[in-house]
Every structure is written in structure tokens, then in C-alpha cells.
Novice: 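The structure's right below; bear with me while I get my questions together.
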Amino acid sequence: MTFTRTETMVVAGARALEGRRVCFVGIGLPNIAVALAQRTVAPGIELIYESGVYGSRPNRLPLSIGDPCLVTGSLAVMPMAELFQYYLQGGLVDVGFLGAAQIDRRGDLNTTVIGDDYHHPKVRLPGSGGACDIAQNAREVIVLMRQSRRSFVDTVDFRTSPGSRVARVITDLGVYTVGERLELTALHPGVTLDEVRAATGWDLDLAPGVTETPPPTAEELRILREELDPERIYLR
Amino acid sequence: MTFTRTETMVVAGARALEGRRVCFVGIGLPNIAVALAQRTVAPGIELIYESGVYGSRPNRLPLSIGDPCLVTGSLAVMPMAELFQYYLQGGLVDVGFLGAAQIDRRGDLNTTVIGDDYHHPKVRLPGSGGACDIAQNAREVIVLMRQSRRSFVDTVDFRTSPGSRVARVITDLGVYTVGERLELTALHPGVTLDEVRAATGWDLDLAPGVTETPPPTAEELRILREELDPERIYLR
Amino acid sequence: MSKLLPMDEAVAGLVHDGDTVAIEGFTHLISFAAGHEIIRQGRRDLTLCRLTPDVIYDQMIGAGVARKLVFSWLGNPGAGSLHAIRRLVEGPGFEVEEYSHFGMVGRYAAGAAKLPFYPLRSFEGSDLPSVNPNIRTVASPFDGEEVYAVPPLNPDVTIVHAQRADVHGNTQAWGLLGCQKEAAFAARRVIVVAEEIVPESVIRADPNRVLLPGLIVDAVVHCPRGAHPSFAQGHYDRDNRFYLAWEHISRDPQRLSAWLDEWIHGTSDHAGYLAKLGEAHWDDLLPGPALSGEVDYGDHR
Amino acid sequence: MSKLLPMDEAVAGLVHDGDTVAIEGFTHLISFAAGHEIIRQGRRDLTLCRLTPDVIYDQMIGAGVARKLVFSWLGNPGAGSLHAIRRLVEGPGFEVEEYSHFGMVGRYAAGAAKLPFYPLRSFEGSDLPSVNPNIRTVASPFDGEEVYAVPPLNPDVTIVHAQRADVHGNTQAWGLLGCQKEAAFAARRVIVVAEEIVPESVIRADPNRVLLPGLIVDAVVHCPRGAHPSFAQGHYDRDNRFYLAWEHISRDPQRLSAWLDEWIHGTSDHAGYLAKLGEAHWDDLLPGPALSGEVDYGDHR
């Protein structure tokens, strides 16, 4: 069965949620990864969104973290002030699931600007949203993002969110654990170490015994392609 | 028509609410005075209670500031945190309506202890409740209390709530305005100046031109006795 | 997984000697049934927290379960005083820590939000800061203005009574909400006591009505009329005759002790207490209906 | 006294050149209709505040109404970028002030609560404090621990869209609530825009559902579908095709200008905008029902 690297990335993201109780779902790719996790390895996981919803059971794949399908049938909808204060800052979130435009070897994340001068950026990105808040208050953080020399940089142009609680990074090429710095622990099927090195803006560290990510199963791919994203909104 | 001094006090309290928009109703006698005001001089006044209710239209005289009759049919019920932060501290309360065990010539209020030693009180009173919060955050404060040498004291034994925003004091003997200190502005019908002096623990100040409180009208008494408090719970 | 437990097991498992305990509910939804069970099980040395200690803490403190009280208004609302507590407070040895209502609300809110302090405008010109070192000032880092601050309060266990919950502890309440939410989020352990246990689908049909998520709840106890003599909006009214009677019971230590023997130690649980009260007791405490109406969340798919 | 006004009068009377304006609503209940009317009336030099500027602020800023933006996430959610804003931000002269979501929520909350600052745990290890002097630290007066703080934000006017309100401005909403409440309580003036105007009795039947009391509301505008292309829970879904199309319209200044001419300046009000959109446009945006169920408040008398 053939599959894309984006599919492998999303599947690896979903699998990383096994055993988690409460996941704070960031903007973008994390949305589809948690939807897959709810249908596979983590049926009991409760999802929390910065829009002010806890315990969503969406009837369709949400188009954004503020989709009305996240509200209907959820366990709790509340002012954002309550969610940020009592759920997130209160320490109830096991894992925050974030994307980013840039990450560096320390796990610091940039979603603010490309370029050295904040006031005259080369590219203006969306900014923090809840990312900086999640990065400091979730017990740990998993990052899901596409990897390239432009996104995996030696030092981020702007540190939007600190890497202090980033525990794992999952890309379309492989999986990293993060202590003091990123270490490659698994390569996705068909990806070579040279390819990863070419897509990393620093001298890559390897964990002892780099493995291969088990490929997406037929069932995982069926859920992704038929149930969750038939229009390829996230999987494009 | 005969009437008691308690009735005159409550009627004077109600009349003082004419033209007010939002009244924060404290524990005790203020409850019946605002109920009378809603039925006479201030039909549009909105009542707010520290229990977390705004815009009550009770179908009976509330037994306490947390009576369920204050909730049903009100405009807003909310966590106390919201009421204290956004309504009271936010500056939306025109007038706070408080009772007290002791008041002194500066208008400072005591509802905490009788006796000099807080840690070994002669009498332990209820304490602040919301009074200290109301006294600092309502635009102005009206005090409703029975007057005697024990309640009108030179200096309160314990300053629970500051008198800085107390504008008027209404007792069973008369009415006071408060600037730097209390000044008697009206005597209730049948009350003499000597009687007031005997019930005041300091050298009483008189406003220029002390008047007499207009006696309760037949309609005011009918509402109090027949509609509001037929069992004489507040009017005892 | 169901968290449903009988009251005795919930209290035995989650409330320990020496704990800081909050049974909250501002006049409304006060879990008397849980307080009574704590008396039956003979807990000792509790630090009891509540804005308004109310009759329930007078009963508990009269029964000897506590060594300290944290509060903001110590009275029997509309009915008189709390004499068991007053006897202790006016004598030596019993510790009290006293705030305004806003101060107490702020302590729970800081506890729930994991903040080291809660800023508020109160206490200016009051003697309360002079007798409570936990009321301090803090300066704004923007304009230097000073406001007051209180520290977080994190009970070991908070007990919340509500109109309904599912077996996972997802809890909804309406009417006065007091600071039940803040006290529960601030607590290390939470017991929910509910008038009704409902299917999860009832909760999920109206998610804006949530008070607490099951996530923070350790035990759910089904205990209809467990807030008596306080009230449950739409279920039963406050039993004001009992509050008035308490003024006399509590004033006399011997009567208080006899009352505890008869009504608490003499009943094995809240069902026993209710049986003793009798069904006719409720005749004039049950309100007519006043329905909320429905809103439409929409089946967005 | 009724506060009901047509949109043009509400905006003319309450939104002035140079004002600080917040049209809030987190993805949900965004008052596009009010934003469009502000464009039609040619307001200038506004400071626009929103957590997520969204397409509405891209339209307004593209139309030249603003000189400054206060925000926390600048994107077209799920669809791309906000090019009109980006062109200004990447060039000189346009001012931005940037926080995290929690920081923005805290600014409104401090504004609503009249506090000189709002303490929160965020920004540690982020570069945001180095580019925004309004993000500072404050030490706890209890244990000395430092947390971050943001200053109050008090808009001159906040515009809130909701599912229903009465003519006095008593407003109820369900589904995502964002920080509509905080932004409204923080504001000097408030405009409520509602899908439905209901009798006061509908509001009073469910007082726990309140979003805003009429007390703080200056004008009520009846404007069904006034949140399009954002959504109103239970009323209509997000028009995602429009959000996707905006990516292309906004990218090209000439197309943007043509769009404004056709859809905003070329329509006299939101009714005109809706007529142009056509009724068939809504065919797949209307959800099926998902009712909340009722609760009983009890006729306690």
C-alpha cells in the first residue's frame, strides 16, 4: 500500500497520543492527527481547544479550532478566560500539540516573523495565538511540522514559544525526542539519513539506535482518506 | 395612621433610592427597603446581590440575599467572581446599601467584633461578607441601621469597611449625610433632638436646617405590611 | 469508568484527618449530607474553608471535626448566629483566618489558576489587613498603582453539590453558582454530590451549562435532597424553619450535642436522615415549575 | 426604554474616528455587518483590537479605516493569510501591538475588572516581551515568585454579535464565547448585534445563559446573518468557501478594492449584502437541530 510522507507524519502524530488523557490541540495539522488518534490509539482522549471547548466529539473533521462541530455534543464550552486560567494554567493539560514555521536545535518555536528584524520582517507569520501559552503550561509539548532547511534552523528568527517543554517533534521525515536538544529517534519509511541531514539547518544529533517508523496501517489510511479528509484539506 | 420607627426607617431607605439605576443590596434591612423602592419610587432600579444575581424581580420578600426567589426571572446569574470583578469592581454599581453593627462619626463601619481585642472579642459578629468590597467599589454607600449609644460610637471597635464612600446614614431616629463626618439632616416624626443626642456616642453635628422626615404614606405602609412582610420578619 | 460511590466510601477515601476541606455553595447547593458524613466518620483537625460557614460548619465544628476556619461571613443568614463556632472563636485555641467575600473568591480563583496571588480592590481603609498577614499589597508594573492581593487557596478536597452529574463527574448546575467552580478547580481532590445522575448525553446536549468537567472529579455521589436544609434551585426550597430552629439548638451546647446524637450519629446515612425527616416535611418546600426554554446548538456536520 | 437602532445609526452614533474598537468573537459570532458599516461610513485612524484579526479586519484595514492593530494571531484560519494587513505590517508606518491569546484575554479581563494589570504564566523564554514593552513581570507579595503581567485594555467601543438579545440589550449567546464578555465589560460603549430580538421574558427564563446585561449596552441592532461569513452556532455554519476565496481577493490590492466597491460600498446595508448573496447561498450552511434540553428554575414563591 502506498502512502505519502504527510500521511506518515499524521499517523506518527496520532500514535504519539496513546495513553494521554487531555490534549490541547493547536492550529493546523494537529487537528487531523488528534481526530485519527480518537479513532485509533486514544479513544478516550479528551480534546481541548483554545477557542473554549473541552471534550469535543466532532461529527466531521473540523476546518479550524473554532469549528461549530467542536461545540455541539462537547462536554464543556466556556469563556476563553476560564479555559486558559483553570484548564491550561491550572495544569490539567497533559500534552500540547503544536505546529510551527521554524524550530531550532533547542526546540524553540517560531510562528511570528521570518527575518532578523521584528519591525521590518521578510515574512509576517500569524504570531503566537495560544502557542506561547500552551508551550509554558502544558505538561509536555509535541510538535508536528514539515521539515526543511527553512523550517529546521540553527536558531529561530524569533522565539515565539519556548522549547523548554517540547518533548517530541514529528515531521514528514522522522521523529525526534527533545531533551537539551533535538535527537533523531526514527526515520519514516523510505527516508534516508542523508535526506534528513539535508533538511536540517544544524549538525544533526542522532539518538542511540535510530529505528524506522512503522508504516501507516491500512486501517489508519482508510480513516484518514475516507472518513476524515476525503477532500484533502489537511493532507494536501 | 400609626407607624413604627422601624417602618419609618425602611420607608426613608426606600425613598433614598429614587433615581438610582443599580443598587447592590447588602444583608438584612436593605432587603426590605429595596423591595419597597421597587414598588414605589424606583420601579426601574436593578438589584444586584453578592450571591451572584443581577436584575432580580422576586415574587416574594427574600429571606436572605441568596434566596431562590431572587434567581427565578432575574436578568443574570453568574459566578461570584464575575459579579465582584466585572459588576462591582468594574464600577457599575451606583449605590451600595449596607447595614452595620457599629458606625462612627467618620462613617466607618464595624461588622466584625465588639471589644478592643480582635483575637479575644467580647462579641464575635459575622464579619465583612461583601461589605468591605462594596464600601470601596460602589460609587456611593447608604447605610441603614438602628441607632443607639452601642451602635453610634465615637470610634468603631474594628474598622471592617471604610466610610470613605458612605454618603447617607438612615436610622430609626433620623437621616444623616456624610462628608468628612455624619451630620443630622432630618428627624423622623415624633423623634426629638435630645433623644438622638442620647443615642449618639459623640458630640452630634447638625446640618443647617434640620427637617422632619415626611411620615410613611398609607400606600407605603400597606405594601410593607400586607405585601412584603406580613409575618414581620424584617419589621420586628 | 464510573466514579459513582456511596457517600460513606467517598468520604472515607477522599477526606482525611488534618485535611483542608471546602464545602462550598453560597446559600445554595450546600452539601449538608457530606458534612454530616464527615461528622459520622469522626474526622479530626480539619481546616474548614467557606465564605459563609453557615449551619453546616456550625454542626461540624460543634461536633469537633475542625481546628481552623477560613471564612468571610460568619452568621446564620436571616436567622441569627452560629453559636458553636462563636463559642470557639470567642475563646482561645481555635484558629480563624478572615477575609471579605471578594477576598475569599480571589483566593480560590488564584488557586484554580495556579497563580501566586490574586489582585483586587478591597481592604483599603479596613482593619482586616492588620489582623490577617495574608492580605498584602502589590504594585502594578505599569503605573505603580497599589492594589491589595490575597494568596491562592488550594483545598485538599472540595465538595460540590449540584443539580445533576453523569457518572464520570461531568456536572451541571443552575441558579446561584457561588464559587463552586473556583473551589473545585483549586482542589487536589473533588467530590461531586448530585440530586440526579443523568446520562452523559444530557450533559453533552448543553455544554455551555457545565459547572465542572469530570476531568477534575474523583467521586460522584448520588444524594437527592442532600443539600437540605439549604436549597437546590428548581428542586426544593430552603428549609427556613430549620435555620430558625438552629439558632436555639446551637446556642445550648447540650441541645447541640443531643441534636447531633439524634440526627447524625443516630442515622446511618442521608437516606436515614431523610426518612426521619419524613416525606410530609417537603410539602411546602417544593416549587412549581419555571422552565428555562431550549436553545439550538445545531447539528453542524 | 428600547435601545434598538438600525446599524447605520448605531455605528454613526457610537464609533468615532480615532477610537479604539474591538469587534470580538473567536471564529464565532464575528460582527462582519458592523465592520462593513464602519467601512461604508469611512471611519479613519481606528485602533483595532481582536485576538484574531480574521477576514473582517483584513477588509477594514484594506479599506483604510485603521492606523493600528492590537492582536495575538494574524491569519485566515484554515485558509491562508490576511494579505491586506500583511502588506501594511511588512511595510513602514502601520503600528502593531502583539500578545499571545492568553495575554489578550488578560488585557480585556483587567479592563473589565478595572485592575491596573493582569498576572499570567506565559511569555517566559519568549521574545515577545522584548518587542512589546507592555509585557512585564510582577513579583508575588507572598512568595516573591515572578509571573508576567499585561495592562488593561479598555476599548472606546466593543461590538458583540450574539444569537439573541432583548431591546434593552440583555444578551444571550451559546457555543464559543471567546472573550466577548470581557471585551464588552471593558468598553466605554457597547453595541450588541443580534440574530434575533426576543421578549425580555425569554432572557429572564434562563438567567444563567446571559452573556451581557443591558446595563452595559448602548445600542441593540437586529441583524440576522450579520456574522456571515463567520458563523452563529445553531443558526448557520461558517461559509468556508468565502474564507478560501478571500485568500485570493486579499492577495491582490486591485481585486480587494473591487470587492469592497462591489460588496460594501455597492450595498447600502447588510440587507443589501444579503440580497446580493442570494438565499440559495445558504442551502448548505444551515444545520439541522440539536436542542439543549430544558432545566427547571422553579417558581419559588
Side-chain angles (χ1 to χ4, degrees), chain B residues 20-24 35 43-49 51-95 133-134 136-139 165 227-231, chain D residues 1-2 105-106 108-119 152-154 158 164-173 177 179-188 190 198-218 295-301:
Chain B
R20 306 310 181 106
R21 201 162 69 132
V22 181
C23 176
F24 201 119
I45 198 169
E46 296 295 359
L47 308 181
I48 186 165
Y49 295 84
S51 51
V53 197
Y54 168 73
S56 295
R57 290 272 184 276
N59 280 328
R60 67 181 183 207
L61 185 67
L63 289 170
S64 81
I65 53 165
D67 194 300
C69 74
L70 297 173
V71 166
T72 306
S74 67
L75 284 174
V77 182
M78 69 206 90
M80 292 175 76
E82 182 177 331
L83 185 136
F84 276 102
Q85 289 184 106
Y86 299 164
Y87 287 70
L88 181 60
Q89 189 170 263
L92 297 176
V93 175
D94 290 333
V95 55
D133 313 313
I134 297 167
Q136 186 170 338
N137 290 289
R139 230 162 284 145
R165 296 185 179 204
E227 285 182 28
L228 291 178
D229 196 13
E231 293 172 49
Chain D
M1 213 181 58
S2 171
V105 168
Y108 287 128
K114 230 188 201 176
L115 283 174
F117 69 96
Y118 178 95
L153 175 54
N154 293 101
T158 289
R164 67 189 185 196
D166 68 20
V167 297
H168 310 293
N170 296 296
T171 303
Q172 296 186 337
L177 302 175
C179 47
Q180 302 261 36
K181 182 181 303 216
E182 291 75 14
F185 274 91
R188 289 173 189 84
V190 174
V198 296
E200 189 178 318
S201 59
V202 171
I203 305 288
R204 288 190 184 269
D206 195 0
N208 282 106
R209 185 87 69 193
V210 77
L211 180 72
L212 307 177
L215 176 62
I216 64 165
V217 174
D218 296 279
V295 302
D296 188 354
Y297 280 88
D299 184 14
H300 295 266
R301 64 170 77 216

Novice: Side chain, backbone, both or neither: which part of D:A205 has a heavy atom under 4.5 Å from chain B?
Specialist: neither

Novice: Please classify the contact between B:V53 and chain D as side chain, backbone, both or neither, with a heavy-atom cut-off of under 4.5 Å.
Specialist: neither

Novice: If you count heavy-atom pairs under 4.5 Å between each of D:L212, D:I216, D:N208 and chain B, which one has the most?
Specialist: D:N208

Novice: Heavy-atom distance under 4.5 Å to chain D: side chain of B:Y86, backbone, both or neither?
Specialist: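 For B:Y86, backbone and side chain are both near chain D.
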
Novice: Nearest 0.5 Å, please: how far is OG in B:S74 from CD1 in D:I203?
Specialist: 11.5 Å

Novice: Would you confirm whether B:Q89, through its side chain, and D:K114, through its main-chain N or O, come within 3.5 Å as a donor-acceptor pair?
Specialist: no

Novice: Among D:L115, D:D206, D:L211, D:D299, which residue forms the greatest number of heavy-atom pairs with chain B at distances under 4.5 Å?
Specialist: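 Top option by heavy-atom pairs under 4.5 Å: D:L115.
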
Novice: I need the minimum non-hydrogen distance between B:T72 and D:Y297, along with the two atoms involved.
Specialist: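 Residues B:T72 and D:Y297, closest heavy atoms: OG1-O, 3.3 Å.
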
Novice: Looking at B:E46 and D:R204, what are the two nearest heavy atoms and their distance?
Specialist: OE2-NH2, 4.2 Å

Novice: Against chain D, work out which of B:A76, B:P58, B:G55, B:C69 has the most heavy-atom pairs shorter than 4.5 Å and name it.
Specialist: B:A76

Novice: Kindly give the heavy-atom pair with the smallest separation between B:Y54 and D:L215, and that separation in Å.
Specialist: OH-CB, 3.4 Å

Novice: After noting the C-alpha distance and the side-chain angles of D:V210 and B:L75, does the key distance pass the side-chain contact (heavy atoms from CB on, under 4.5 Å) rule?
Specialist: CA-CA 7 Å; D:V210 77; B:L75 284 174; over 6 Å; no

Novice: Contact part of D:A109 toward chain B, heavy-atom cut-off under 4.5 Å: side chain, backbone, both or neither?
Specialist: both

